[in-house]
Amino acid sequence: MKNLLDDLNPAQREAVEHTEGPLLILAGAGSGKTRVLTYRVAYLIAHKGVSPMNILAVTFTNKAAKEMGERINQLLPQRTASPWVATIHSTCAKILRRHIDLMGFTPRFTIYDEDDQLSLIKRLMEELELPKLRFPPALVRAKIEWAKNNLIGDEEYGRDSRDYLERVVAEVYEHYQQRLRSYDALDFSDLIMKTVELFSAFPHILGHYQQRFRYILVDEYQDTNYAQYRWLNLLASAHHNLCVVGDDDQSIYGWRGADVRNILDFEKDYPKAKVVKLERNYRSTQMILQAAGSVVKNNFGRKGKQLWTEREGGEKIILIGCGDEREEAASILQVIEDLMRRERRRYGDFAILYRTNAQSRILEEEFKREAIPYTIVGGLRFYERREVKDILAYLRVIANPLDETSLLRVINVPPRGIGEGTRAKIVRYAQEQSIPLFEAMQRVAEVEGLQTSYRRAVEGFVRLITQLQVESRNISLPKLVEMTIARTGYRSLLEAQGTLEAQGRMENLGELLNSVRDFAERNPQPSLQAYLEEVSLLTEIDGWEGTSQAVTLMTLHNAKGLEFPVVFICGLEEGLFPVTHSLDSLEKLEEERRLFYVGLTRAKDRVILTYAKRRRKFEGNYRSIPSCFLGEIPPELLEKRVPDSGWGGGWKSEFTPFGLKKGSVIRHSSWGEGVVMKSEGSGENLKLTVMFPGHSLKKILAKYADLEIISY
């Protein structure tokens with residue numbers, strides 16, 4: 001074990017050896033947090049004699065969980081049992097499979113993804129005659145998800161509704177939960193919420209898992225929402241052996257419920273907690289770390305770390321000002337070609353990061369024009385493609401015939417003569433009889449107003465599903481999927497079309513079959529239910545594998561946890577990065593700044609930042625202002641390449657009119673410290689709009705205000 005600890009630096013070793021009681025590991029970017037987690041698990045087992053069965057390690061992506069599990073197994077002697085290493089959602093799903101019958105569901109419940117949720121919400125809104133234009137289903141879904149992430153059930157949400165929109169959401173939320181229960185289905189947020197409900201309602205079950213998981217390790221703790229926070233603290237409340245690893249400077253998911261206060265307040269939750277800071281960076285050059293640190297230090301909501309590296313010096317941050325977005329894309333390609341020639345780089349060394357997916361279009365066009373290979377992370381994912389979703393829906397019906405959303409998706413796919421009118425009559429019959437939709441299909445002869453041909457079509461569909469259900473008990477999982485593709489008529493349909501598009505869709509089904517075979521090889525007892533669960537819990541980044549043959553394009557959010565030799569961050573303009581809606585609150589602006597910090601610290605060797613003088617938005621071509629974040633990087637760290645046709649040397653004045661810029665921090669004699677959100681005019685006529693925490697937005701004439709500048 002001495003040799004194992006010798007692989008760690010002093011701070012890492014301190015974190016590994018502190019095994020009893022709460023532990024907060026503040027792990028800076030590139031500081032080796034995965035190494036600390038894996039070595040800590042190995043140390044508990046090999047040195048402290050802890051049973052692997054008593055250890056739970058959770059993270060947020062299947063990719064991270066797989067990597068962690070593999071690295072732990074490499075550190076342990078052969079034949080040592082493996083600890084429970086998984087995502088939080090898959091862990092909750094497994095717990096619920098064992099106990100959810102106590103809550104009115106069956107262990108074979110279906111897990112609804114975002115597409116399934118939207119489909120169900122749209123149907124409910126049609127039934128409730130709610131206008132979709134006024135109340136977009138995506139907005140309703142987001143508000144329901146927010147409620148669940150905060151452990152607010154439909155009844156409580158309805159009681160607390162304050163305006164018309166919330167009352168509409170409450171009505172949909174109530175019916176949505178009723179339908180999920182009747183379909184024997186949970187959505188993604190339910191996995192956490194229902195597990196918290198299970199632990200709260202049945203203390204003996206909570207006690208069982210508290211004794212089972214005596215040592216809990218949590219990766220990316222800054223990304224936890226309230227429901228996840230409650231779940232973790234319930235599990236840890238018996239022994240307090242909770243080790244959380246995270247970086248408050250990399251908390252970038254507030255828009256989907258993550259609460260940075262969970263990591264900032266850890267010592268309040270656990271006053272006896274030990275805190276270890278991992279500040280040595282193994283990834284980036286000193287130049288990159290200086291730039292990143294200069295940016296993130298402007299945030300108030302942080303604990304503070306000082307990252308350092310033995311990679312002294314490094315290349316300056318390149319800042320390129322461009323005329324428009326097409327010139328920006330061309331400049332990026334030019335830099336790539338230049339670095340490949342001068343530094344013998346490969347395409348896989350480069351990553352282009354942007355704030356929104358829409359920014360990829362111009363980049364893709366330029367890459368295609370120049371025949372440069374690229375790959376996009378976060379576009380239409382494999383499991384979201386129509387033909388893949390169709391076959392998965394068939395498999396979900398085979399596993400759970402109560403899943404009405406999947407039933408309605410495939411009842412006439414491929415076309416079998418069951419039109420909208422027939423479906424409506426069967427749905428109405430099911431509602432009148434208070435029976436599941438599939439049972440209504442089985443009793444289609446009792447449905448009034450259906451012609452014989454339509455009844456026979458429905459009976460044929462029921463026979464197909466019933467036969468596949470019987471076969472599923474007797475044949476292997478890959479064989480079942482192959483049989484489903486064939487017997488449903490999907491393969492024949494695509495073969496008959498004979499188009500290139502149909503051929504591509506057939507290839508996608510072949511890849512789906514490959515994924516099933518891969519799952520069967522990885523799991524000793526591969527079940528249909530387990531495969532569907534794994535697919536439903538995949539994240540955008542799980543399917544990505546880096547390649548030396550292509551440039552990677554992705555959003556900054558998707559880049560978290562990854563690293564590349566050379567990183568471009570494009571579109572650094574006010575209203576784009578930071579995005580417009582972040583400018584109305586200090587918390588949102590600070591999250592945007594953390595996102596920029598994450599982008600900078602993905603780079604090992606070089607960072608190139610770009611902005612455009614004009615950018616097309618909707619139907620217009622608008623003048624842009626450089627991002628306030630650019631002014632937070634010390635000028636001596638920048639190599640500025642601003643074309644004469646662009647802003648020229650005038651870009652600095654865009655950041656610092658009268659010495660202040662958007663994002664500057666000031667102190668007022670009465671209101672304390674605040675952040676400049678907007679500046680108007682210049683010189684003696686400069687007017688500032690400032691956000692002071694605890695106060696409303698204040699408008700100040702800079703000339704007469706008693707201001708102290710904290711940071712530019």
Going through the checks in order, is the side-chain contact (heavy atoms from CB on, under 4.5 Å) test met by Y454 and I418? CA-CA 6 Å; Y454 298 151; I418 306 175; over 6 Å; no

What orientation do [X] and [Y] show, parallel under 30°, tilted 30 to 60°, or perpendicular over 60°?
| X | Y | value |
| --- | --- | --- |
| Y164 | F135 | perpendicular |
| H204 | F202 | perpendicular |
| Y183 | Y112 | tilted |

Report the C-alpha distance between Q222 and E220 in whole Å, list the side-chain angles of each, state the deciding distance to 0.1 Å, and finish with yes or no for side chain to side chain donor-acceptor pair (under 3.5 Å). CA-CA 5 Å; Q222 78 281 346; E220 307 287 8; 2.7 Å; yes

Look only at the side chain of [X] and the backbone of [Y], and say whether a donor-acceptor pair between them is shorter than 3.5 Å.
| X | Y | answer |
| --- | --- | --- |
| K425 | G449 | yes |
| T91 | T87 | yes |
| N54 | F213 | no |
| D219 | F60 | no |
| D223 | A258 | no |
| D113 | D116 | yes |
| N400 | D184 | yes |
| R385 | L509 | no |

Would you give the length of the straight line joining atom [atom1] of [X] to atom [atom2] of [Y], rounded to the nearest 0.5 angstrom?
| X | Y | atom1 | atom2 | result |
| --- | --- | --- | --- | --- |
| L217 | T59 | CG | OG1 | 11.0 Å |
| L477 | L395 | CG | CG | 7.5 Å |
| H89 | S536 | NE2 | OG | 10.0 Å |
| L480 | Y394 | CG | OH | 13.5 Å |
| I144 | D187 | CD1 | CG | 8.5 Å |
| L437 | M441 | CG | CE | 4.0 Å |

Take atom [atom1] of [X] as the centre, draw a 6.0 Å sphere, and report whether it contains more than 12 heavy atoms from other residues, nucleotides or ligands.
| X | atom1 | answer |
| --- | --- | --- |
| M53 | CE | no |
| R456 | CZ | no |
| R261 | CZ | no |

Heavy-atom pair with the smallest gap, counting every atom of [X] and [Y]:
| X | Y | value |
| --- | --- | --- |
| S406 | A393 | CB-O, 3.7 Å |
| V85 | G69 | CG1-N, 4.0 Å |
| R505 | Q497 | NH1-OE1, 4.3 Å |
| E533 | S90 | OE2-O, 4.2 Å |
| Y354 | S360 | OH-CB, 3.5 Å |

Intermediate values then yes/no, side chain to side chain donor-acceptor pair (under 3.5 Å), Y490 and T484: CA-CA 8 Å; Y490 218 102; T484 300; over 6 Å; no

Passes side chain to side chain donor-acceptor pair (under 3.5 Å), K148 versus Q177? Steps please. CA-CA 11 Å; K148 292 186 177 186; Q177 290 303 105; 2.7 Å; yes

I would like to know whether E482 and R487 meet salt bridge (charged side-chain N to carboxylate O under 4.0 Å, His left out); could you show each step before the answer? CA-CA 9 Å; E482 193 173 2; R487 288 196 183 178; over 6 Å; no

Is it true that Y209 and H99 have ring centroids separated by less than 6.0 Å? yes

Would you please name every residue forming a side chain to side chain donor-acceptor pair (under 3.5 Å) with S82, sequence neighbours left out?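 Partners of S82 under the side chain to side chain donor-acceptor pair (under 3.5 Å) test: N73.
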
Listed partners of E171 passing side chain to side chain donor-acceptor pair (under 3.5 Å), at least two apart: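 E171 satisfies side chain to side chain donor-acceptor pair (under 3.5 Å) with no residue once adjacent residues are dropped.
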
Salt-bridged, D518 to R522, with N to O below 4.0 Å?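 So D518 pairs with R522 through a salt bridge.
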
Do [X] and [Y] come within less than 4.5 Å of each other through their side chains, counting heavy atoms only?
| X | Y | result |
| --- | --- | --- |
| T224 | D259 | no |
| E145 | F188 | no |
| R416 | L464 | yes |
| L120 | Y176 | yes |
| D115 | K389 | yes |
| T555 | T356 | no |
| F438 | L407 | yes |

Evaluate the side-chain contact (heavy atoms from CB on, under 4.5 Å) criterion for residues E404 and R123: first the C-alpha distance (whole Å), next the side-chain angles of each, then the deciding distance (0.1 Å), finally the verdict. CA-CA 11 Å; E404 185 173 309; R123 283 197 288 116; 3.4 Å; yes

Salt bridge (charged side-chain N to carboxylate O under 4.0 Å, His left out) for K132 and E126? Distances and angles first, verdict last. CA-CA 8 Å; K132 294 180 183 178; E126 288 174 358; 2.8 Å; yes

Could you please spell out the steps behind the salt bridge (charged side-chain N to carboxylate O under 4.0 Å, His left out) verdict for E420 and R423? CA-CA 5 Å; E420 218 29 83; R423 278 175 279 180; 3.5 Å; yes

Pairs in or reaching into residues 429-445: which pass side-chain hydrogen bond (donor to acceptor under 3.5 Å, both in side chains), with residues at least two apart or in two chains?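 Applying side-chain hydrogen bond (donor to acceptor under 3.5 Å, both in side chains) to every pair that reaches into residues 429-445, excluding sequence neighbours, yields Y429-R443, Y429-E446, E439-R443, R443-E446.
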
Just do the side chain to side chain donor-acceptor pair (under 3.5 Å) check on E591 and S251 with the steps written out, would you? CA-CA 7 Å; E591 180 160 313; S251 178; 5.1 Å; no

